[in-house]
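Presented below is the structure to which this report refers.
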Amino acid sequence: MNILFFGPPGAGKGTQSSLLVEKRGMKHISTGDLFRENIKNETPLGMEAKGYMDAGKYVPDSVTLNMVEDVFEKADVSKGFILDGFPRTTPQAEGLDELLEKKSFELGRVIFLEVPKDILVGRLTGRRVCKSCGAVFHIESKPPQKDGVCDECEGELYQRSDDSVDVVGTRLDVYEENTAPLKSYYEKKGLVENVDGLGSAGEVYGRIEALLNS
Ligand code: AMP
């Protein structure tokens, strides 16, 4: 089963993907994580993506599609894959369709995580991420035991530069304009399942598991 997580920034796509990876061993393909990895390693791709990301804008479609194609060439997706944060535009969705056809892969479900906008802002600006292992915390809803230190590996926690108050507004606007319309693209294919994204990560995961087992 291959899954596409769809929804605004802060809806919980990354968190739910990690839980699915843990329980089902699927391959997590997050374009945001891939760009951040490239930035960390100071690759040409990372240098190109950084300016767009810091401003809350989208990296160009051609760059993003090439990167995803490369993942499909190299990664082991035998236990299925989860797309998180991709596609984000109509050209990306069309490019994905071509890629899937070429590789004879199919999308089983498109899970749309529904979260009201006012909640998203609080989730994003309060998010803290571990520099070493990528574990995600929240200053209010999931604070680490020791301030600024990861519970999992004792790595340093940081705030993503695009989670700052000034950039979050742009990201939500860019999502509304470019990505929200994609929902109907997948509705026409009969693939969309709406899931209530409110509540704890465990509660939301329970809803997703119930859906996948139905
Ligand atoms: P995310 O981690 O999914 O919130 O993505 C963080 C940032 O990476 C986004 O705000 C974009 O700047 C960039 N990004 C991630 N995925 C894509 C994509 N599919 N298309 C264009 N830009 C992307």
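We count ligands from 1, going down the list as the structure has it; atoms in each ligand are counted the same way. Below, all heavy atoms of this structure are taken into account, side chains as well, without hydrogens, waters or symmetry copies.
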Is Asp162 touching ligand 1 with its side chain, its backbone, both, or neither, if touching means heavy atoms under 4.0 Å apart? side chain
Please state which protein non-hydrogen atom is closest to atom 20 (N) of ligand 1 and give its distance, to 0.1 Å? Gln92 NE2, 2.9 Å
Does any N or O of ligand 1 fall below 3.5 Å from an N or O anywhere on Gly56, backbone included? no
Counting heavy atoms only, name the option from Lys50, Arg36, Arg171, Arg88 that's nearest to atom 9 (C) of ligand 1. Arg88
Side-chain H-bond candidate by donor/acceptor type, Asp76 with Ser78, under 3.5 Å: yes
Is any N or O atom of Phe86, backbone or side chain, closer than 3.5 Å to an N or O atom of ligand 1? no
Checking the N or O distance criterion of under 3.5 Å, is ligand 1 in contact with Arg160? yes
Please state which option from Val59, Thr179, Asp33 has its nearest heavy atom closest to atom 22 (N) of ligand 1. Val59
Presence of salt bridge, Lys189 and Asp97, under 4.0 angstrom: yes
Pick one of side chain, backbone, both or neither for how Phe35 approaches ligand 1, counting any non-hydrogen atom pair under 4.0 Å. side chain
Counting each atom of ligand 1 from 1 as listed, which ones have a heavy atom of Thr64 under 4.0 Å away? 18 (C), 19 (N), 20 (N), 21 (C)
Distance col, row Arg24:CZ vs Leu19:CG, nearest 0.5 angstrom, shows 12.0 Å
Assign the ring pair Phe72 / Phe81 to parallel, tilted or perpendicular, where the plane angle (0 to 90°) is split at 30° and 60°. perpendicular
Taking atom 7 (C) of ligand 1 as the reference point, the nearest protein heavy atom with its distance: Met53 CE, 3.7 Å
Side chain to side chain donor-acceptor pair (under 3.5 Å) against Tyr205, all qualifying residues, sequence neighbours excluded: Glu209
Atom 12 (O) of ligand 1: the protein heavy-atom neighbour that sits closest, reported with distance to 0.1 Å: Lys57 O, 2.6 Å
Under 4.0 Å between a side-chain nitrogen and a carboxylate oxygen: does that hold for Asp61 and Arg88? no
Walk me through whether Val195 and Phe112 qualify under side chain to side chain contact (heavy atoms under 4.5 Å, CB included). CA-CA 6 Å; Val195 170; Phe112 180 72; over 6 Å; no
For the 3.5 Å polar cut-off, considering only N or O atoms, please tell me whether Thr31 and ligand 1 meet it. yes
Phe5 six-ring face occupied by Lys13 cation (under 6.0 Å, within 45°): no
